[in-house]
Visitor: 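Below is a structure I'd like to ask you about.
Since the structure is predicted, the reported quantities are computational estimates derived from the model, not experimental observations.
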Amino acid sequence: MKPVTTPLPAVELRVPTEEDALNWHRVFNDPDVMEFHGGAPAELSVYDELTARQRRHHAELGFCLYTLLDPADGAVMGFTGAQPWPWEWGPAGEIEIGWRLGRAYWGKGYATAAAQAALESVRAAGVRQVVAMVDARNERSLAVTRRLGMRRAETVITPKGQREAYCHRLEV
């Protein structure tokens, strides 16, 4: 018997605009969304800097953390994509794929569909391997790594908060 697979939803990715800083701030202004990303919602200035950095990444590397849009109505759902790992700990020097969605979009396949689309841009840019760092308690994101075919490679203790995280790898 073949396993039953549910088709993934359609998604649309765009390079973040200046306005997306406010969109990301609004969509992520939820303690549940931020549970594994520091716990508290970030200030708008964090998203101003993050969206500007992503525009630079796209211009220089050919990929970034893209704004994830609902193709039905154009609503900002979150982000997904890839960027150079930004810290000195963990997989320093590697390309990390990641995703973060607003609470209303969880459990519907959007993260997996968007991550698969983002992998295409990374592959087209010539990247051969990506990593995903996921908090060991974040079962939803761990499930996305499995659906993408990633393999858990190592366990890392984060410097801030001393939390256990898993580094997953995928040849693209």
Side-chain angles (χ1 to χ4, degrees), residues 3 5-6 8-9 11 13 16 20-21 23-43 46-47 49-51 53-54 57 63-70 75-122 127 129-172:
T5 57
T6 305
L8 293 174
V11 294
L13 305 180
D20 283 332
N23 292 325
W24 290 5
H25 181 261
R26 180 184 43 77
V27 170
F28 302 147
N29 190 20
D30 180 321
D32 288 340
V33 172
M34 298 305 293
E35 179 181 3
F36 304 111
H37 306 285
E43 296 294 323
V46 170
Y47 297 110
E49 190 281 326
L50 183 57
T51 55
R53 183 170 7 120
Q54 298 315 311
H57 286 329
F63 57 86
C64 65
L65 292 176
Y66 296 95
T67 296
L68 174 58
L69 302 170
D70 185 335
V76 171
M77 302 165 67
F79 66 63
T80 191
Q83 66 175 344
W85 178 252
W87 294 283
E88 293 180 13
W89 58 274
E94 298 192 60
I95 302 299
E96 182 200 27
I97 187 167
W99 46 86
R100 187 181 311 166
L101 277 66
R103 180 70 183 94
Y105 303 102
W106 290 2
K108 299 174 182 174
Y110 290 118
T112 301
Q116 287 179 343
L119 284 172
E120 292 303 318
S121 67
V122 171
V127 174
Q129 177 178 271
V130 295
V131 298
M133 287 291 291
V134 179
D135 187 296
R137 301 165 300 146
N138 188 345
E139 185 49 46
R140 291 181 303 276
S141 281
L142 292 171
V144 172
T145 65
R146 289 189 294 271
R147 287 191 289 275
L148 293 174
M150 301 187 89
R151 64 174 175 76
R152 189 164 102 191
E154 59 198 71
T155 300
V156 176
I157 303 299
T158 64
K160 187 175 183 178
Q162 297 294 301
R163 299 213 172 161
E164 187 175 64
Y166 300 137
C167 180
H168 293 79
R169 297 187 183 280
L170 179 68
E171 300 294 324
V172 293

Visitor: Keeping H25 on the side-chain end and A42 on the backbone end, is there a donor-acceptor pair under 3.5 Å?
Guide: yes
Visitor: Nearest 0.5 Å, please: how far is CE in M150 from CG in L142?
Guide: 11.0 Å
Visitor: Hey, could you give me the CG/NZ distance between L8 and K108, rounded to the nearest 0.5 Å?
Guide: 14.5 Å
Visitor: Please report the interatomic distance CZ(R152) to NE2(H168), rounded to the nearest 0.5 Å.
Guide: 6.5 Å
Visitor: So with a 6.0 Å cut-off around CD of Q162, is the heavy-atom count from everything else above 12?
Guide: yes
Visitor: Supply the atom-to-atom distance F63 CZ to L13 CG, rounded to the nearest 0.5 angstrom.
Guide: 14.0 Å
Visitor: Taking C-beta and beyond as the side chain, do I97 and L170 meet within less than 4.5 Å on heavy atoms?
Guide: no
Visitor: Do T67 and W24 have a side chain donor and acceptor closer than 3.5 Å?
Guide: yes
Visitor: Shortest non-hydrogen contact from P91 to V131?
Guide: CG-CG2, 3.8 Å
Visitor: How close do A111 and L101 get, counting heavy atoms only, and between which atoms?
Guide: N-CD2, 3.9 Å
Visitor: Heavy atoms only: give me the nearest T80-G98 pair and the separation to one decimal.
Guide: OG1-O, 3.0 Å
Visitor: Under a 4.5 Å cut-off applied to non-hydrogen side-chain atoms, are W89 and M133 in contact?
Guide: yes
Visitor: Return yes if some donor-acceptor pair links the side-chain N/O of W99 with the main-chain N/O of T112 below 3.5 Å, else return no.
Guide: no
Visitor: So R163 and I157, side chain to side chain contact (heavy atoms under 4.5 Å, CB included) or not? Walk me through it.
Guide: CA-CA 5 Å; R163 299 213 172 161; I157 303 299; over 6 Å; no
Visitor: Verify side chain to side chain contact (heavy atoms under 4.5 Å, CB included) between F79 and D20, making sure each step is shown before the conclusion.
Guide: CA-CA 10 Å; F79 66 63; D20 283 332; over 6 Å; no
Visitor: On a heavy-atom basis, which atom in G81 and which in A118 lie closest, and how many Å separate them?
Guide: CA-CB, 3.5 Å
Visitor: Taking Q54 for its side chain and L65 for its backbone only, find out whether a donor-acceptor pair lies under 3.5 Å.
Guide: yes
Visitor: Could you pull out all residues at least two apart from P9 that satisfy side-chain contact (heavy atoms from CB on, under 4.5 Å)?
Guide: Y110, A113
Visitor: Would you say the side-chain atoms of E35 pair up with the backbone N or O of P31, donor to acceptor, closer than 3.5 Å?
Guide: no
Visitor: Measure the spacing between CD of E96 and CH2 of W85 and express it to the nearest 0.5 Å.
Guide: 5.0 Å
Visitor: Applying side-chain contact (heavy atoms from CB on, under 4.5 Å), name anything that partners N138, two or more places apart in sequence or on another chain.
Guide: F36, V134, D135, R140, S141
Visitor: Below 4.5 Å, heavy atoms only, C-beta onward: do L68 and Y105 meet side chain to side chain?
Guide: no
Visitor: Hey, are E139 and R146 close enough for a salt bridge, meaning a charged N less than 4.0 Å from a carboxylate O?
Guide: yes
Visitor: I want to check something: taking the side chain as every heavy atom from C-beta on, are Y166 and T145 in contact at a cut-off of under 4.5 Å?
Guide: no
Visitor: Could you measure the distance from the CD atom of Q83 to the CZ atom of R53? Nearest 0.5 Å is fine.
Guide: 5.5 Å
Visitor: Answer yes or no: is there a side-chain heavy-atom contact under 4.5 Å between V76 and L69?
Guide: yes
Visitor: Taking it one step at a time, do L148 and Q116 satisfy side chain to side chain contact (heavy atoms under 4.5 Å, CB included)?
Guide: CA-CA 7 Å; L148 293 174; Q116 287 179 343; 3.6 Å; yes
Visitor: Would you mind reporting whether V33 and R100 have side-chain heavy atoms less than 4.5 Å apart?
Guide: yes
